[in-house]
Amino acid sequence: QKEVEQNSGPLSVPEGAIASLNCTYSDRGSQSFFWYRQYSGKSPELIMFIYSNGDKEDGRFTAQLNKASQYVSLLIRDSQPSDSATYLCAVNMGRSSASKIIFGSGTRLSIRP
Amino acid sequence: DAGVIQSPRHEVTEMGQEVTLRCKPISGHDYLFWYRQTMMRGLELLIYFNNNVPIDDSGMPEDRFSAKMPNASFSTLKIQPSEPRDSAVYFCASSFRGASTNEKLFFGSGTQLSVL
């Protein structure tokens, strides 16, 4: 089992709709969870982080965390063509002061006009 | 700050040659990470340092790979000898923990390595 798993896609969503991206992780003790966006040929950039169970909203983005199910998701409302990118789920699997941040293989999202 | 600086941006070499990738983290950051990205395997953590000390190198594929961080402003990843399967984009990233729980990674632009 991979430490962080994502569906590779591609996920095609019409403009203006909600895009839903999912991620599962193997280490039940993980405490920190992140979503990065990576445009083709560019570096990953952080868009959301979440530490507590429940929802966290930032503009059009909502991160959801369910530690009991070891599941993290990202919702993008009112999807725009500029949201077309690969979305990487990342989990900090370190302990105490360690910081072992593991990435999933990413989900490619395409927003069709 | 200029961000995380990696060099070279592109490297083309022949199988068997030594390759050295370089990284300058953001000043004041206490964590430095080396990742490798391929289509098949995604973004893999190779090694990370905390305050210049290697903490976890379990992702380093084999003895051909080595990484050093002689000071807080410089790190290298060396492959010797290189093989075609090492072809990938290599990213360096840094972060600052301190007393904060914000673990945002700042990525460099990456080095596109092609081993022929």
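If you're wondering where the values come from, they're calculated on a predicted model, not measured in any experiment. Per chain, numbering begins at 1; letters A, B, ... match sequence-line order.
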Problem - Largest heavy-atom contact set with chain B, pairs under 4.5 Å, which of A:Q6, A:Q38, A:Q31 - result: A:Q38
Practice task
Examine A:Y51 and A:L65 and state if one hydrophobic cluster contains both, with Ile, Leu, Val, Met, Phe, Trp and Tyr joined whenever side-chain heavy atoms are less than 4.5 Å apart.
Solution key: yes
Problem - Max heavy-atom pair count under 4.5 Å with chain A, selected residue of B:Q37, B:R41, B:M39, B:M40 - result: B:Q37
Exercise for the section: Select one option (side chain, backbone, both, neither) describing which atoms of B:E44 are under 4.5 Å from chain A's heavy atoms. Expected result: neither
Practice task
Write down the atom of B:F107, the atom of A:P44, and the distance for their closest heavy-atom approach.
Solution key: CD1-O, 3.5 Å
Handout entry: side-chain contact (heavy atoms from CB on, under 4.5 Å) assessment of B:Y35 paired with A:I101
Key = CA-CA 10 Å; B:Y35 288 90; A:I101 300 179; 3.6 Å; yes
Handout entry: Any donor-acceptor pair under 3.5 Å from A:S43 side chain to B:G108 backbone
Key = yes
Completion exercise
Output for pair (A:L46 CG, B:S95 OG), nearest 0.5 Å, gives 11.0 Å
Fill in the blank from the handout: Between the CE atom in A:M93 and the CG atom in B:D56, the distance rounded to the nearest 0.5 Å is 12.0 Å
Exercise for the section: Answer yes or no: are there more than 12 heavy-atom neighbours, outside B:E14 itself, under 6.0 Å from its atom CD? Expected result: no
Problem - Exercise: identify the closest heavy-atom pair between A:L88 and B:L43 - result: CD1-CD2, 4.2 Å
Handout entry: Path from B:I55 to B:L77 over hydrophobic side-chain contacts below 4.5 Å
Key = no
Practice task
Sort B:T38 into side chain, backbone, both or neither according to what part of it lies under 4.5 angstrom from a heavy atom of chain A.
Solution key: neither
Exercise for the section: Give a yes or no on whether A:F61 and A:L75 share a hydrophobic cluster (residues Ile, Leu, Val, Met, Phe, Trp, Tyr; joining criterion: side-chain heavy atoms under 4.5 Å apart). Expected result: no
Exercise for the section: Look at the side-chain heavy atoms of Ile, Leu, Val, Met, Phe, Trp and Tyr, link any pair under 4.5 Å apart, and say whether B:F33 and B:I47 land in one connected group. Expected result: no
Problem - Whether A:Y36 side chain and B:L105 backbone form a donor-acceptor pair below 3.5 Å - result: yes
Exercise for the section: Give the cluster check for A:F33 versus A:I47: same hydrophobic cluster or not, with ILVMFWY residues linked at side-chain heavy-atom distances below 4.5 Å. Expected result: yes
Exercise for the section: Verify the neighbour count for atom CG of B:N71: are there more than 12 heavy atoms of other residues, nucleotides or ligands below 6.0 Å? Expected result: yes
Problem - Any side-chain heavy-atom pair of B:S109 and A:K42 under 4.5 Å - result: no
Practice task
Count the heavy atoms of every other residue, nucleotide or ligand shown that sit under 6.0 Å from CZ of A:R108, and state whether that count exceeds 12.
Solution key: no
